[in-house]
S.K.: 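Sharing a structure below in C-alpha cells format, with a few things to ask.
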Amino acid sequence: MTDWTSGYMADVDYTHDFYKELSPSHLALCALSSGQKHGLNSPNLNYCELGCGQGVTTNLLAAANPHIEFHAMDFNPSHIAGAQALAAEAGLTNVSFYEQSFDTFADEPDLPRQFDVIAMHGIFSWVSSENRQHILRFIASHLKPGGLVYVSYNTLPGWASALPLRRLISSRAALETGTPSERIDNAIAFARKLEAAQAGYFSGNRAVRKRLKQMGSMPHNYVAHEYLNRDWTPFHFEDVAAELGGAKLKFIGPCNTLDQVDDICVTTEQAAMLTDERDPVRREALRDIMVNEQFRCDLYRKGEVPHTERSAVGGWFNTRLVLTRHITDDPLAIMWRQGAVTLDEAVLRPVLDALRDGPVSVKDLLGAGVFGAQSWGDILRLLRILIGEGVISPALPQEGYDARAAQCASLNRAICTRAEDSETLRFLASPVTGSGHAVDRFEQLFLLALAEGLQTPQEWAELAWTILAPQGQRLLRGGKILQSDDENLAELVLNATRFQDQKLPILHSLGIRL
C-alpha cells in the first residue's frame with residue numbers, strides 16, 4: 001500500500017489555530033511598513049494557502065473578506081473534509097478546499113490562473129526538499145507579477161542547540177508502542193530520564209532543558225507535528241532567500257512589526273553593525289545571529305513596487321486602526337528581544353483612548369492631535385509596536401462593511417453553535433479587521449446566550465451551565481476543580497461579568513456579532 005503521508009505525521013490532526021499574519025489586512029500593513037505598495041484593497045483578488053491544515057485560517061479570512069476568492073489545499077483528507085463542512089455550515093461561497101499534494105496541485109483545473117497572495121504557514125521546514133521544489137514551481141507559475149508570498153519556517157541559529165533533542169524525541173517515539181499521544185509522552189519521559197541522569201547534553205545546555213520542560217504542557221498535536229515528522233529542517237535565512245529567489249521572489253520584510261523596530265530588537269552597537277552591512281540579505285542573516293532567531297514569518301514579493309517617501313506617508317495616513325485588546329489603567333507591559341519595551345504613557349494613552357469607540361484613520365488621529373509633538377518616526381515606531389503586540393490592528397476600509405458583517409456573522413454563528421459540544425474552535429471573524437480574533441468556549445456560549453435575547457451575565461452563565469454540566473465540564477478556581485453546581489455557576493457568573501465589562505466592548509468594536 002502506498003504511504004500517502006510522505007513521512008508527515010498524519011495520524012494526529014493538526015491544531016485548529018488561526019494565524020493573523022496571513023490576513024490580507026495584516027499583509028498589507030506589513031508591505032506598507034516595509035515601503036511597498038500592495039493593492040490588497042482592490043476588488044477581484046485571488047488568495048491561495050498551501051498546506052492549510054484544518055482550514056480554520058482560510059475559512060475565517062474568507063468570511064471576513066468576501067471581496068477575495070480563497071483557495072486552499074492540504075494533503076490530509078480529514079482536514080479538508082472538516083474545512084469544507086465548516087464552510088458549508090457558514091454558507092461561504094468564496095472559498096474552495098482541495099485535497100491535493102504539492103506535486104499535483106498546480107494541475108488542479110479549478111484554480112485561477114494566477115494569485116495575488118500565496119501563503120504557507122508551518123510548511124517550509126516540515127516538508128521534503130522535493131516538495132519544496134514543487135512549492136517553488138507552483139509559486140513561479142501561479143503568482144502574479146507584484147504578488148505577495150507569506151512564508152514561515154524554523155530558523156538557525158536559534159534551533160541549533162535543540163537539534164539533538166528533536167532527534168531524540170523523534171527516534172524514541174518511533175520505538176514506542178501505543179497511541180500517538182502515548183508515544184509522545186513516553187518519548188518525553190525518556191528525555192527527562194536522561195536529563196535526571198545528568199546527561200552532558202542537558203546539563204550543559206540550559207535552553208534545551210527549558211525547551212524540554214515546556215514540551216510537557218504543549219498539546220500532543222503540536223508536539224507531533226513539530227518533532228515527529230520525517231522531514232524537519234531549520235534554515236538559515238540566506239538559504240531560504242536563495243530558494244525563493246529561484247521563483248523570482250525578493251524579501252520585503254518581517255511579518256511581525258515588532259521586528260521592524262531595531263531599538264527593541266538589537267543593541268546600539270549591533271544596530272550600527274547592521275547599518276554598515278549594505279546587502280539586505282546578508283544584513284538580515286546577520287540580524288538572525290544577533291537575536292538568535294528560531295522562527296521567522298516573512299513577506300516576499302515577485303517584483304517590487306516601492307513607495308516613494310511621500311506616497312508611503314499617504315499610505316499610512318489612509319490606514320485605519322482599531323483597538324483589539326481591553327486596556328486597563330495600568331502601564332502597558334510589553335516584552336521583546338531586548339527585554340521590557342518602554343512606552344511613554346503620556347503619549348500612549350491619548351492614542352488608545354481615541355480608538356476605544358471603533359476604527360480611526362492615522363490621518364484623523366493626527367488631526368485630533370493625539371500624537372502630541374512626536375516626530376513622524378516616533379509615531380511609526382509606536383504604531384509598529386502596538387500592532388506587533390496585538391494591542392491594535394489594521395482595519396479594512398468602511399466600504400463593503402455590510403457584506404463582510406453578514407458573512408462573518410454566519411460563520412461566527414456556526415462556530416459558536418459548535419461550542420455547545422466542543423472547545424476546538426477558539427477564534428471568530430471580524431468584518432472590521434478582515435481577520436480572526438481569539439474567543440474561548442465560555443465566551444462563545446455567552447455570545448450565543450446574548451443572541452438568544454438574554455441580557456445579563458447571570459442569564460448567560462445559567463445557559464452556559466445547562467450545556468456544560470451534562471458534559472461533566474467543571475471550572476477551576478485557584479487551581480482547584482469546583483465540584484458543586486452552585487460553585488461552578490458562581491464562577492461562570494464571574495466569567496460572564498468580566499466578559500461583559502472587558503471583552504464584549506472590544507468584540508462589538510470589531511463588529512463580531514452572531
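Basis for what follows: all heavy atoms, side chains included, without hydrogens, waters or symmetry-related copies.
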S.K.: Is there any side chain to side chain donor-acceptor pair (under 3.5 Å) pair reaching into residues 446-459, and which pairs are they, with sequence neighbours excluded?
M.R.: Thr456-Glu459, Gln458-Glu462
S.K.: If you look at every heavy atom in Ile139 and Lys302, which pair is closest and at what distance?
M.R.: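 Closest approach of Ile139 to Lys302, heavy atoms only: O-NZ, 4.4 Å.
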S.K.: Heavy atoms only: give me the nearest Met120-Val149 pair and the separation to one decimal.
M.R.: CE-CG1, 4.1 Å
S.K.: Hey, is the main chain of Leu428 close enough, under 3.5 Å, to the side chain of Asn412 for a donor-acceptor pair?
M.R.: no
S.K.: Side chains of Leu463 and Leu445: does their closest heavy-atom pair fall under 4.5 Å?
M.R.: no
S.K.: Relative to the ring of Phe446, is the ring of Phe499 parallel (under 30°), tilted (30 to 60°) or perpendicular (over 60°)?
M.R.: tilted
S.K.: Looking at side-chain heavy atoms only, is the closest gap between Phe115 and Leu45 below 4.5 Å?
M.R.: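 No, every pair of side-chain atoms sits at 4.5 Å or beyond.
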S.K.: Between Ser152 and His121, is the side chain to side chain donor-acceptor pair (under 3.5 Å) condition met? List the steps.
M.R.: CA-CA 5 Å; Ser152 65; His121 181 83; 3.2 Å; yes
S.K.: Does any N or O in the side chain of Arg404 come within less than 3.5 Å of the main-chain N or O of Asn65, such that one atom is a donor and the other an acceptor?
M.R.: no
S.K.: Show the nearest heavy-atom pair for residues Leu510 and Thr324, with the distance to one decimal.
M.R.: CD2-CG2, 3.9 Å
S.K.: CG/Leu352 to CG/Leu386 distance, rounded to the nearest 0.5 angstrom?
M.R.: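 Output value for this atom pair is 6.0 Å.
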S.K.: How long is the span from the CG atom in Leu454 to the CH2 atom in Trp460, to the nearest 0.5 Å?
M.R.: 9.5 Å
S.K.: Of the non-hydrogen atoms in Leu323 and Ile327, which two are nearest, and what is the gap between them?
M.R.: CD1-CG1, 4.0 Å
S.K.: What I want to find out is whether Arg474 reaches Glu487 closely enough, with some N-O distance under 4.0 Å, to be called a salt bridge.
M.R.: no
S.K.: At what distance, to the nearest 0.5 angstrom, does CZ of Arg441 lie from CD1 of Ile467?
M.R.: 8.0 Å
S.K.: Return yes if some donor-acceptor pair links the side-chain N/O of Gln444 with the main-chain N/O of Val439 below 3.5 Å, else return no.
M.R.: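 Checking the backbone N and O of Val439 against the side chain of Gln444, a donor-acceptor pair under 3.5 Å is found.
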S.K.: Return yes when atom CD of Glu399 has more than 12 non-hydrogen atoms of other residues, nucleotides or ligands closer than 6.0 Å, and no otherwise.
M.R.: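 Counting neighbours around CD of Glu399, 12 or fewer heavy atoms of other residues, nucleotides or ligands fall under 6.0 Å, so no.
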S.K.: Between Thr57 and Glu49, is a side chain to side chain donor-acceptor pair (under 3.5 Å) present by the stated rule, with each step listed?
M.R.: CA-CA 9 Å; Thr57 296; Glu49 184 180 1; 5.2 Å; no
S.K.: Is there a donor-acceptor pair under 3.5 Å between the side chain of Asn59 and the backbone N or O of Ala83?
M.R.: yes
S.K.: For Ile481, does the CD1 atom sit with more than 12 other heavy atoms under 6.0 Å from it, leaving out its own atoms?
M.R.: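 Atom CD1 in Ile481 is not crowded, with 12 or fewer foreign heavy atoms closer than 6.0 Å.
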S.K.: Anything under 30° is parallel, anything over 60° is perpendicular, the rest tilted; go ahead and classify Phe138 against His142.
M.R.: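 Judged by the thresholds at 30° and 60°, the geometry between Phe138 and His142 is parallel.
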S.K.: Report yes or no: does Glu89 contribute a side-chain atom to a donor-acceptor pair with the main-chain N or O of Leu411 at less than 3.5 Å?
M.R.: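 Flag not set: sc Glu89 to bb Leu411 has no pair under 3.5 Å.
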S.K.: Applying side chain to side chain donor-acceptor pair (under 3.5 Å) to Ser33 and Arg384, what does each step give before you reach the verdict?
M.R.: CA-CA 8 Å; Ser33 190; Arg384 286 176 174 131; 2.6 Å; yes
S.K.: Between Ser128 and Asn131 (side chain of the first, backbone of the second, donor and acceptor by atom type, cut-off under 3.5 Å), is there such a pair?
M.R.: yes
S.K.: Decide yes or no on ring-ring contact (aromatic ring centres under 6.0 Å, His included) for Phe124 and Phe235, but give the supporting numbers first.
M.R.: CA-CA 9 Å; Phe124 217 66; Phe235 291 99; 5.7 Å; yes
S.K.: Which label fits Phe251 and Tyr300: parallel for a plane angle under 30°, tilted from 30 to 60°, or perpendicular past 60°?
M.R.: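 Geometry flag for Tyr300 against Phe251: perpendicular rings.
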S.K.: Specify the closest pair of heavy atoms between Arg183 and Ala173, including all atoms of both residues, with the distance to one decimal.
M.R.: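 Looking at all heavy atoms of both residues, the closest pair is NE-O, 3.2 Å.
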S.K.: Using atom types as modelled and distance alone, determine if a side-chain donor or acceptor of Asn154 lies under 3.5 Å from a backbone N or O of Phe295.
M.R.: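 No, Asn154 side chain to Phe295 backbone: no donor-acceptor pair under 3.5 Å.
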S.K.: Would you please test Ile506 and His508 for side chain to side chain contact (heavy atoms under 4.5 Å, CB included) and show each step?
M.R.: CA-CA 5 Å; Ile506 293 294; His508 283 170; over 6 Å; no
S.K.: So with a 6.0 Å cut-off around CG of Asp357, is the heavy-atom count from everything else above 12?
M.R.: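 Counting other residues, nucleotides and ligands, CG of Asp357 stays at 12 neighbours or fewer.
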S.K.: Pairs in or reaching into residues 125-152: which pass salt bridge (Lys or Arg N to Asp or Glu O under 4.0 Å), with residues at least two apart or in two chains?
M.R.: Asp116-Lys144, Arg132-Glu243
S.K.: Supply the atom-to-atom distance Glu21 CD to Asp298 CG, rounded to the nearest 0.5 angstrom.
M.R.: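 Going from CD on Glu21 over to CG on Asp298, the span is 11.5 Å.
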S.K.: Measure from the side-chain N and O atoms of Ser125 to the backbone N and O of Thr233, and report whether any donor-acceptor pair falls under 3.5 Å.
M.R.: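 Yes; judged by distance alone, with no hydrogens or angles, the pair exists.
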S.K.: So, Tyr47 and His71: side-chain donor and acceptor under 3.5 Å apart, yes or no?
M.R.: no
S.K.: Please name all residues satisfying salt bridge (Lys or Arg N to Asp or Glu O under 4.0 Å) with Glu443, sequence neighbours left out, ordered by chain then number.
M.R.: Lys503
S.K.: Mind checking whether Glu108 and Thr104 have side chains closer than 4.5 Å, heavy atoms only?
M.R.: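 Heavy-atom side-chain distance check fails, nothing below 4.5 Å.
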S.K.: With sequence neighbours excluded, give me every side chain to side chain donor-acceptor pair (under 3.5 Å) pair touching residues 491-502.
M.R.: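 For residues 491-502, and leaving out neighbouring residues, the side chain to side chain donor-acceptor pair (under 3.5 Å) pairs sorted by first residue read Arg477-Glu491, Asn495-Arg498.
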S.K.: Could you note down all residue pairs passing side chain to side chain donor-acceptor pair (under 3.5 Å) where residues 427-439 supplies at least one of them, sequence neighbours left out?
M.R.: Ser23-Ser435, Ser430-Thr433, Thr433-His437
S.K.: Evaluate the side-chain proximity of Tyr153 to Phe237: yes if any heavy-atom separation is below 4.5 Å, no if none is.
M.R.: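 Phe237 reaches Tyr153 side chain to side chain.
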S.K.: Does the side chain of Gln36 reach to within under 4.5 Å of the side chain of Cys30, using non-hydrogen atoms?
M.R.: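 No, side chains not in contact.
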S.K.: Going by atom types alone, do Ser181 and Thr179 pair a side-chain donor with an acceptor below 3.5 Å?
M.R.: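 The criterion, which ignores hydrogens and geometry beyond distance, is not satisfied for Thr179 and Ser181.
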S.K.: With heavy-atom distances below 4.5 Å as the criterion, would you say the side chains of Leu425 and Leu86 are in contact?
M.R.: yes
S.K.: For Glu304, which residues count as a salt bridge (Lys or Arg N to Asp or Glu O under 4.0 Å) partner, sequence neighbours excluded?
M.R.: Lys250
S.K.: Could you tell me if the side chain of Asn256 sits less than 4.5 Å from the side chain of Asp259, heavy atoms only?
M.R.: yes
S.K.: Using 0.5 Å steps for rounding, measure from the CE atom of Met335 to the CG atom of Leu258.
M.R.: 12.5 Å
S.K.: Looking at CZ of Arg426 and CD1 of Ile415, how far apart are the two atoms once the value is rounded to the nearest 0.5 Å?
M.R.: 11.5 Å
S.K.: Check Asn94 against Pro66 and note the closest heavy-atom contact, atom names and distance.
M.R.: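 Asn94 and Pro66 have their closest heavy atoms at ND2-CA, 3.5 Å.
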S.K.: Taking the basic N atoms (NZ, or NE/NH1/NH2) and the acidic carboxylate oxygens, is any pair closer than 4.0 Å for Asp364 and Arg320?
M.R.: no
S.K.: Assess the pair Phe102 and Phe75: is the distance between their ring centroids shorter than 6.0 Å?
M.R.: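 Here the rings of Phe75 and Phe102 have centres that are no less than 6.0 Å from each other.
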S.K.: Kindly say whether Leu396 contributes a backbone atom to a donor-acceptor pair with the side chain of Ser25 at under 3.5 angstrom?
M.R.: no
S.K.: Does some side-chain heavy atom of Gln407 sit less than 4.5 Å from a side-chain heavy atom of Leu92?
M.R.: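 Yes; the side chains approach each other to less than 4.5 Å.
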S.K.: Would you say the side-chain atoms of Ser410 pair up with the backbone N or O of Ala90, donor to acceptor, closer than 3.5 Å?
M.R.: yes
S.K.: Could you check whether His79 and Phe97 have their ring centres less than 6.0 Å apart?
M.R.: no
S.K.: Does one side chain, of Asp486 or Ser484, offer a donor that lies under 3.5 Å from an acceptor on the other?
M.R.: no
